[in-house]
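Reviewing the structure listed below.
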Amino acid sequence: MNIFEQYQNKIKKILLDFSKTGGLILPNKLDGITAEIPPIKFNSDISTNVAMVLSKINKKDPMSLANILSDKIKNYDPLIDEISIIKPGFINIKFKPIFWTNFVKTLIKDSKTFGINKSEDKKKYLIEFVSANPTGPLHVGHCRGAILGDVMANVLKFNNHNVTKEYYVNDYGNQIKNFTKSVYLRIREIVFKEPFPINNEDLYPGDYLIDIAKNIINSEKKLNFNSFDEISNQLTSLSTTEALKLIKKNLNSLGINHDNFISEKELVKNNEVEKAIEFLQKKNFIYSGKIKAPIGEDNKNWIEREQLLFKSSDFGDDKDRALQKGDGAWTYFASDVAYHKNKLDRKYDQLINILGADHAGYIKRISSSVDALSNSKGKLICKVSQLVKLIKDKKPFKMSKRKGDYITVDDLMNEVGKDAIRFIMLNRSSDVELDFDFDNVIEKSRDNPLYYVQYSYARIASVFRNLDKDIKSNIKIEEYDFYYSKDETNILKKISEWPKCIDITCQKLEPHRIQTYLYELASLFHSYWNLGKNNPEKRFISDEKISDDKLIFLKIISNVIKSGMDIIGVSAPTKM
RNA sequence: GCGCUUGUAGCUCAAUUGGAUAGAGCGCCUGACUUCGGAUCAGGAGGUUCUGGGUUCAACUCCUAGCAGGCGCACCA
C-alpha cells in the first residue's frame, strides 16, 4: 500500500469533479501533481502542490487557488483534521490520529508484502554483471559492480519483477591465449624445472597460476606437457575452468549467485557472430571501410586497412567500430554484439549492464548495436560503477605495482567480512568514487552505517527477547483503539515512504537509496529509543509488559529494516 | 582534441525522481547517559550547491556556454 499514490488519486478525482462544475480549468494531462510527506517542521501529514501547478492555466495566484482547493479537499475526506496553506502555495493536510492507526492496521495485515508496488507491470529483466575475464580470482575493483548488480537484482525481484542474473565469460581471444600460455609455462616449471619468465609483460605472473598448474597436472595425467601446440585447445578450457572456479568461489563468499554463465567461445563456435553480423548487414549497418588512427594515443604501430565495420556513428558514437581483426578473428566487440543479439532473442523487456568506470567509453558502441539490433531505443541501460579507494590508517592503501599483486576479494573477506563489504559498497551513489576505509568498516559507531542499522534491529530484538517473544512471529491484535504520539508518527511517516523508496530505486536503478533509507530510519529509531532514558513512559516495557500499540510499532519497524537488509544481502542479527 | 562522468559545510557524502528555511556523518564546541535499554541521544557553530546565461509559479536537479578533477579514446578485453 502506498498512501501517497492513494492520495494523489484522491486529489485528482476531486479536481476532476470540481472542473465538471466549471469551477476549475484542467490541462489535458494531470502530470506533476504530487502528494508527499512535508518537512517535519510543518507538522502535517501530507502535502500537495496542486495549487502551484494549476495556478497559471486558471489565471489565479497559487495562494488564493490553494484556498479554494483546500475547502474542496477538506469536504471530501472526513479523516482530515485541518488544512493549512503555506507560502508558495503548498496545501498541507493534517489528519486525525486515526489515520495513522489505520495505516498501522493495514501494515499488520500486509506485513509480508509491504513496500512492493503491486500496480506496476511485471517486467522481465536481464542483468549482466561482473563478467571479469576468466584469468584469475576477483579483486577489489570487481567487487563494487558485483554487489551493485546483485542488489539491483534483489530490489527488482522484491518489487515482483522477473530477473535473470548473467555472467559473460570472455573465454576467447588474446588474453586467454596469454593466460593459457602462462599456465603452460607454470606447468613446465613444475614438471621440467624450467624457470618461469617472470619479466615477460604479456604473461600472468600471479602465484595462483601455480595452484592452477598443479591442479591440472594432478587431474590430467595423460596430457603430453611436452608440446604446447598439441594440448593448447584442451589446456585453454582446463585453465579457464580453473580460473572460473576461483571466481565462482569469490562470488559465492560475497553471497552472489548468477543464474547463467554465457561463454563467448561457445557463441563463436555456434556461428552466432556471423548470424548477428548478417542480420545487421541486411539493415545496412555493416560495411567494409577504413577507420582513422586513434587521437592522442601512441599510434606509430597503427596500420590503416580495409576492414569490416559497424556504423555506430549513426547512433552518436565518435566513429564506426571494427568487427574483425587482421588475422580474421572476431574482435571483442563483434562477439559482444552477437551476445547482445542472443540476449534480445530471449525476449527480455529490459537489458541492464553493469560496467566498471574504465569501460564507460564502451557504452556508446554497445548500446548503439543494441538499438540497431532491436530497432528501438533504450532496450539496454548501462550503469557504471566508479572506483573504490581503499584507505587504511587514514592513508590511501596503494596496490603494489608488481603485476598480478593486488587486493583480492579473499583479502577483503578476511579483513572485514561479507556484511561490511556489501553494505559499505552501497554507501554512496555508484556515480561517485567511494572510500573504503578498513578501519571504519569494523568500527562500532555511528560513523559506521552497517553497525548503526544493525544495532537498531538488535535493540528491537532485545525488547522481544526480554518479553520471551519471537521477533519473527506474527502478531494478532483484536482492538486497534490506540493512537500514536508525535514522536511515533514521525517514524510511521518514514515507514510510509518505504514503498516509494523501493519504486525510485527500481526506476533509477540506484541501490544505494535502500541503504540511505535504512540509515535514516535507524536514526529516527535511536532517537526515539533514547527518549526512554529520561522518561519511563517512553520505554517499551513497563512492569515486564508491553502495550499492543508499542508491540506493533516495533514489529513494523523491524519488518522494514529486515526487508531492507535482505535486499542488500546483509544479516540483521538479533544480538550484537 | 573528442566522449563519458563528478563538482553541495573544513573533510566524506545525501537530497522524496523540478518543491517549502539544502540535510547527515566525521572533525570542532556544549550537554544527557555511567549505562547489556551496551556502539546511543540532545543542542551549537559551519553554505553564493564551481562560474555565467536560459527554461519554470518553483532549479542542487532540466537546457546552454565555460572552469576544475577523474576515467576512457585499439585489430586488448
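Numbered from 1 within each chain, the chains take letters A, B, ... in sequence-line order. When reading the values below, keep in mind they use all heavy atoms of this one structure, side chains included, and skip hydrogens, waters and symmetry mates.
Separation of the C1' atoms belonging to B:rA22 and B:rU48 is 13 Å when rounded to the nearest angstrom. To the nearest whole angstrom, the two P atoms, one in B:rC28 and one in B:rG19, are 35 Å apart. Using atom P as the reference point in both B:rU21 and B:rA59, the two lie 11 Å apart (nearest Å).
A:F540 does not qualify as a stacking partner of the B:rG37 base, lacking a centre-to-centre distance under 5.5 Å together with planes within 30°. Residue-nucleotide stacking is not present for A:Y452 and B:rA39, judged by a side-chain ring centre under 5.5 Å from the six-membered base ring centre and planes under 30° apart.
Among the atoms of the strands shown, only primed sugar atoms or phosphate atoms (P, OP1, OP2) are found under 4.0 Å from some heavy atom of A:S429.
Counted within 6.0 Å of CD on A:E306, heavy atoms from surrounding residues, nucleotides or ligands total more than 12; the atom is thus considered enclosed. Taking a 6.0 Å sphere around NZ of A:K469, one finds it holds 12 or fewer heavy atoms contributed by other residues, nucleotides or ligands.
In this structure, A:K325 reaches the B:rA77 phosphate: one of its side-chain N or O atoms is under 4.0 Å from OP1 or OP2. Phosphate proximity of B:rU16 to A:T34: absent, as no side-chain N or O sits under 4.0 Å from OP1 or OP2. An OP1 or OP2 oxygen of B:rG38 is reached within less than 4.0 angstrom by a side-chain nitrogen or oxygen of A:R459. For B:rA77, neither phosphate oxygen OP1 nor OP2 lies less than 4.0 angstrom from any side-chain nitrogen or oxygen of A:W330.
Ring geometry for A:Y517 versus A:W498: interplanar angle of 30 to 60°, hence tilted. Ring pair A:F436/A:F438 is perpendicular by interplanar angle, where above 60° counts as perpendicular and below 30° as parallel.
Put simply, CD1 on A:I391 is 20 Å from P on B:rG25, counting in whole angstrom units. In this structure, CG of A:D431 is placed 16 Å from P of B:rC71, rounded to the nearest angstrom. Whole-Å rounding puts the A:Y339 OH to B:rA77 P distance at 17 Å.
Checked by distance alone, A:N178 brings no side-chain donor or acceptor within 3.5 Å of a matching partner on the base of B:rA77.
Between A:A329 and A:Y172, the shortest heavy-atom contact is CB-OH, 3.8 Å.
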